[in-house]
Structure formats: C-alpha cells, structure tokens
Amino acid sequence: MPSRIEIKTAALTPKATGTLVIYVTEGAGPTGAGAAVWQATGLDFKTLAAAAGFKGKQGNAFEVLAPQGVSADRLLVLGSGKAGEGTSLAAWTDRGGSLAGKLMGAKATKAGVLLDEEAATPDRVAELAAGLKLRHYRFDQYKAKKEDNGDAGLTVTLHVADRAATDKAIADRDATASGTILARDLIHQPPNVLGTLEFAAEAEKLTALGVEVEQLDEKAMRKLGMNSLLGVAQGSARPPRLVIMRWNGGKSKDTPLAFVGKGVVFDSGGISIKPGLGMEDMKGDMGGAAAVTGLMHVLATRKAKVNAIGVIGLVENMPSGTAMRPGDILTAMSGTTIEIVNTDAEGRLVLADALWYTQDRFKPRFMINLATLTGAIGVALGNDHAGLFSNDDDLASKLTASGLATGEKLWRMPLGPAYDKLIESRFADIKNSGGRPAGSITAAQFLKRFVNDVPWAHLDIAAVALASPTTETNQSWASGFGVALLDRLVRDYFEAK
Ligand code: BES
Ligand code: MN
Ligand code: ZN
C-alpha cells in the first residue's frame with residue numbers, strides 16, 4: 001500500500017510550513033536554529049513554558065498558534081529530555097513515533113522539524129524518520145472512510161545541518177522500515193484474500209529487486225518426503241507451497257545465512273478446532289513468513305553484502321474430510337515419525353520439514369526460524385519479549401543484542417533433553433504436542449529434533465507479532481516484529497563492510 005507520509009530533508013532555514021517543531025532540552029530554552037525562531041515570536045519562553053507546565057521532559061509539549069514573525073501556523077515545542085538522555089537508536093525511533101503521534105493528533109498535514117542539536121546525527125535522524133513512518137502506518141485498505149489524518153497525508157521536512165549524509169542514512173534506514181511495513185501489510189490481509197498462492201505471489205514480487213524466488217508445489221514436496229508439512233495442508237482447499245527466496249549480495253563462496261518462517265495463512269486448529277472467540281486472529285499465523293519476506297525485501301533493497309536464504313512454508317490448517325486426524329502418524333522428510341495428538345500444534349509440523357530441507361540443501365552458516373508458534377509464550381513472557389531458543393550461545397547473544405538495539409526484544413528460554421520426555425510417543429518417534437506444561441519449550445524441543453549441527457535459533461513471536469499493544473512506533477494490529485531485529489543482526493555481525 002502506498003504510504004501517505006512523505007519525509008524530506010532541507011537546510012536549517014525553515015520556509016513557510018504548517019507546523020514548525022522545535023526540540024528543547026529539559027530545564028533549558030530553545031537553542032540554535034530553534035532559538036532564532038523563538039526570538040522572532042517576541043515571546044518569553046520561560047513564561048509560556050511555565051504556563052503550559054512544560055519542563056522539557058520527553059513527551060512534554062506545548063504549542064503557540066499563529067506565532068508572530070514565524071511563517072508557520074503553529075509552533076510546536078517538544079521536550080527532548082535531559083541532555084545526553086535517550087541517545088540510543090531505539091530512543092530516536094520512538095522520538096519519531098511520538099512526533100508522528102502529536103502531528104496526527106493535531107491533524108497536521110505539513111510540518112517542518114528543526115534538528116540541529118549536536119545529538120541529531122544522520123543515523124539518529126534516520127531513526128526518527130523511520131519512527132515517523134512506522135507510527136503513521138495504518139491498515140485501512142478495506143475501510144470506505146479512512147481515518148482523517150491518514151487520508152489527508154502528512155509531509156514532514158527535517159531541517160538538518162548535513163543534508164547529504166542525512167539523506168543517505170535515511171534511505172538506508174528506510175529500507176528496513178519498508179520491510180517492516182511489508183510484513184505488517186501481509187499479516188493484516190484477511191485470510192480470504194491472502195491464501196497460500198497469493199502469499200507466494202507476493203514473495204515472487206521480490207524478483208523485481210533481484211531476489212531469486214523458487215516455489216515447490218505439493219508434488220515436489222511429496223517427492224522430497226515432506227509429509228509433515230503436507231499433513232497440515234491436506235485438509236484445506238488451498239494447495240501448500242514452499243517458497244525459497246535467495247539474495248546473493250555477498251561473494252559467491254560465502255556461506256549463506258538462512259531464515260525460515262511459519263506461514264500458516266489461517267489456523268483454524270484443524271480437527272482439534274479452536275474455540276470461536278478470537279479465531280479471526282489466526283489470519284496472522286503467517287507472521288513468521290511475513291517477517292522473513294520483509295527481511296528479504298530489506299536486504300535486496302539496500303543491496304546488503306551478504307548471501308541470505310529465506311524459506312517459508314505456506315499452508316492453511318482446516319478441518320475437513322481430508323484433514324489429518326489426531327492419531328495419524330506422519331513421516332517427516334528427515335525420516336522421523338510423528339504422532340499427531342493435536343492438529344492445532346501444526347506450526348511445528350510445517351517447520352520440521354522446512355528446517356530440515358533448508359539445512360540439507362543450503363548448509364547455511366546459521367538457521368533462524370520465526371514462528372507464531374505457541375499461545376504459551378505470551379503466558380511466559382507477555383508482549384514485551386519474544387521467546388528465543390537456541391543451540392548456540394554465540395548466535396543467541398548476538399540476537400539478544402540486536403533485540404536491545406532495535407527494541408524488538410528477545411528473552412532466552414531453555415532447551416534440554418528433559419523436555420524430550422514430554423513429547424515421547426507410544427506409537428511413533430515423537431508426538432506433536434506435550435500438552436500444557438512448558439508448552440513453548442516442548443514446541444522448541446520438537447523443532448530441535450529436525451536441526452542437526454548447524455547453529456540454530458527459534459523465535460516464538462506469537463505474542464509480539466500480532467494483536468500487539470500499541471507503542472510509539474506501531475498503532476496497528478500487526479507489528480512486523482523480526483524484520484528490524486534480523487536486519488540489525490545481519491548489519492552488525494554478518495555483513496561485509
Ligand atoms: N498459531 C497457534 C499459536 C498462536 C496462538 C499464535 C495465539 C498467535 C496467537 C499455534 O498453532 C497453536 O495453535 N498452538 C497451540 C499449541 C497446542 C495445541 C500444543 C497453542 O498455543 O495452544
Ligand atoms: Mn495451531
Ligand atoms: Zn498456528
């Protein structure tokens with residue numbers, strides 16, 4: 001969907017604009033270009049700030065309407081907190097989000113922002129721009145009456161000292177924000193519109209960016225022995241697809257990184273059908289696949305110097321006369337037999353074959369899968385952290401650090417042979433659910449059975465990817481969680497400089 005926000009840069013001399021924004025440090029008055037603007041108004045800053053209860057804390061704001069001597073309808077004064085406070089990149093993304101919230105709340109359509117504080121480096125201003133865009137996003141494709149502010153559009157001009165460097169940083173960071181928004185759009189699409197084939201077609205569009213896209217259909221997967229994934233798909237009228245996306249931005253000898261996503265386009269639970277309340281949320285059960293697709297979009301857009309593979313398993317989990325049953329035994333591509341005890345524990349069945357296939361074919365440097373895998377992860381961690389499970393301490397700590405840097409935070413959970421006991425089956429090698437205790441861990445332990453020596457991490461994003469509590473940078477239902485996190489991981493640790 002076209003974004004209705006436009007972000008530009010300009011020199012530090014603001015021209016006529018709707019809303020002019022200046023930032024003020026806690027306990028201080030306007031400085032630099034902001035001081036010049038303020039002086040033109042002829043107003044006493046201390047008096048106005050005191051009357052507005054403005055101290056300069058982050059989130060503090062007051063406005064002057066139709067200010068004298070300034071060619072703007074409104075002067076919006078925003079607090080930036082104590083000097084030296086909130087210098088992390090994530091804090092600047094939030095600052096951008098908060099600014100968009102203020103502008104949209106005031107139904108502004110045009111704004112200029114003075115960014116000449118010493119702290120406003122190109123990288124940080126790029127975060128602010130990303131925050132503006134991510135906060136402005138909404139999914140209203142199917143609404144006749146769009147929300148007012150979105151329909152009118154918003155143009156923001158960032159007035160900065162070093163335009164060239166800032167433009168470059170913004171373009172680079174914008175690639176990531178666009179990937180996050182692609183993931184959100186895919187997740188929001190209703191399940192009648194975005195089925196397996198439609199999702200695959202969206203992935204095919206990445207070829208325009210130089211991504212190689214391959215699709216395995218049911219016949220090809222049958223031949224490979226992917227009966228675990230196919231078992232989930234067999235109750236649906238929609239055919240399954242395994243989509244393989246390859247971005248070759250590195251040297252040809254470089255071992256690729258691999259990202260694998262759960263793409264259940266709708267999870268009814270199958271024969272073990274879910275209760276009706278909230279079942280509509282299960283259109284988002286492809287959040288892992290959406291994040292992987294969004295990430296591939298980012299890497300290709302910014303021409304990342306890395307080789308990366310994205311693999312997504314696209315299926316629909318439906319009850320029908322052809323659906324798999326509790327009691328069925330499936331043989332996965334690895335040869336492992338799986339007793340189905342609950343057809344609603346389907347994500348792990350999809351990933352079992354997708355993970356095996358990925359490590360077998362690509363021998364990747366590492367393999368990271370993302371999945372809206374268990375409701376239990378929200379019981380354990382709430383909405384503030386996704387669950388991280390890994391067989392590799394180094395990969396786990398890099399992921400954790402990337403989470404802190406982007407605000408897409410992870411919390412490591414245990415794995416261990418003791419949990420294998422809970423998924424032992426009477427009739428097959430393993431069963432697909434261990435029941436309620438340690439529900440997220442047994443799901444991860446199940447996945448581990450399909451991973452060999454390769455460093456691997458599983459991110460359970462069920463409680464952070466959808467039905468997200470609103471934040472400074474997201475007011476929509478789907479967050480796009482994982483795109484910024486994994487792009488940061490690639491940038492910081494795996495990309496040639
Ligand atoms: N897709 C669900 C998990 C989920 C729940 C995602 C809520 C997003 C929000 C998954 O396939 C599922 O149904 N898991 C079961 C596992 C159980 C049957 C062992 C669950 O969490 O109840
Ligand atoms: Mn399920
Ligand atoms: Zn599911």
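Each ligand, and each atom within it, is numbered from 1 in the order the structure gives. Keep in mind the model is a prediction, meaning the values are calculated, not measured.
Between the side chains of Thr331 and Asn227, no donor N or O sits under 3.5 Å from an acceptor N or O. Under 3.5 Å, the side chains of Asp429 and Thr337 contain a donor-acceptor pair of N or O atoms.
For atom 1 (N) of ligand 1, a protein non-hydrogen atom is found at a distance below 4.0 Å.
The protein heavy-atom contact nearest to atom 7 (C) of ligand 1 is Met282 CE, 3.7 Å. At the top of the distance list for atom 16 (C) of ligand 1, counting protein heavy atoms only, stands Arg348 NH2, 3.8 Å. Among all non-hydrogen protein atoms, the one lying nearest atom 18 (C) of ligand 1 is Asn342 ND2, 3.3 Å. Remark: minimum distance from atom 10 (C) of ligand 1 to any protein heavy atom is reached at Leu373 O, 3.2 Å.
Set against the non-hydrogen atoms of Thr372, the atoms of ligand 1 under 4.0 Å away are 1 (N), 2 (C), 3 (C), 6 (C). Within ligand 1, counting atoms from 1 as listed, the ones closer than 4.0 Å to a heavy atom of Glu346 are 11 (O). Ligand-side atoms of ligand 1 in range of Lys262: 1 (N), 10 (C), 11 (O), range being under 4.0 angstrom from any heavy atom. Under a 4.0 Å criterion applied to the non-hydrogen atoms of Ser433, ligand 1 contributes the atoms 19 (C). When each atom of ligand 1 is checked for a heavy atom of Gly375 under 4.0 Å away, the hits are 3 (C), 5 (C), 20 (C), 21 (O).
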For this session: Carefully, step by step, assess Glu202 and Lys205 under the rule salt bridge (charged side-chain N to carboxylate O under 4.0 Å, His left out).
Result: CA-CA 5 Å; Glu202 290 299 317; Lys205 289 186 185 164; 3.0 Å; yes
Exercise. Yes or no on salt bridge (charged side-chain N to carboxylate O under 4.0 Å, His left out) for Arg412 and Asp393, after CA distance, side-chain angles and deciding distance?
Worked result: CA-CA 10 Å; Arg412 193 167 181 187; Asp393 291 346; 3.0 Å; yes
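Trp477 CH2: more than 12 foreign heavy atoms inside a 6.0 Å radius. For Lys363, the NZ atom is densely surrounded, since the number of other residues' heavy atoms within 6.0 Å is greater than 12.
Electrostatic pairing of Lys274 and Asp281 does not count as a salt bridge here, judged by no charged N lying under 4.0 Å from a carboxylate O. Under a 4.0 Å N-O distance rule, the pair Lys305/Asp254 does not qualify as a salt bridge. In this structure, Glu495 pairs ionically with Arg302, as a charged nitrogen and a carboxylate oxygen lie closer than 4.0 Å. For the pair Glu127 and Arg95, the salt-bridge criterion is not met [side-chain N within less than 4.0 Å of a carboxylate O].
Counting heavy atoms from C-beta on, the side chains of Asp360 and Met333 come closer than 4.5 Å. Side-chain contact check for Tyr142 versus Gln189: some heavy-atom pair is nearer than 4.5 Å.
Around the Zn ion (ligand 3), the protein contributes the following N, O or S atoms at distances under 2.8 Å: Lys262 NZ, Asp267 OD2, Asp285 OD2, Glu346 OE2. Protein N/O/S atoms found under 2.8 Å from the Mn ion (ligand 2): Asp267 OD2, Asp344 O, Asp344 OD1, Glu346 OE1.
Of the candidates Leu314, Val350, Val315, Leu216, Leu242 forms a side chain to side chain contact (heavy atoms under 4.5 Å, CB included) with just one, namely Leu216. Checking each of Arg184, His188, Gln475 against Tyr137 for a side-chain hydrogen bond (donor to acceptor under 3.5 Å, both in side chains) leaves exactly one that passes, namely His188.
Contact annotation: for Met286 versus ligand 1, there are no heavy atoms closer than 4.0 Å. Contacts between Asp344 and ligand 1, counted as non-hydrogen atom pairs separated by less than 4.0 Å, involve both the backbone and the side chain. Under 4.0 angstrom from ligand 1, there are no non-hydrogen atoms of Asp281.
Annotation: side chain to side chain donor-acceptor pair (under 3.5 Å) contacts of Asp94 (sequence neighbours excluded): none. With sequence neighbours left out, Asp492 forms a side chain to side chain donor-acceptor pair (under 3.5 Å) with Arg488.
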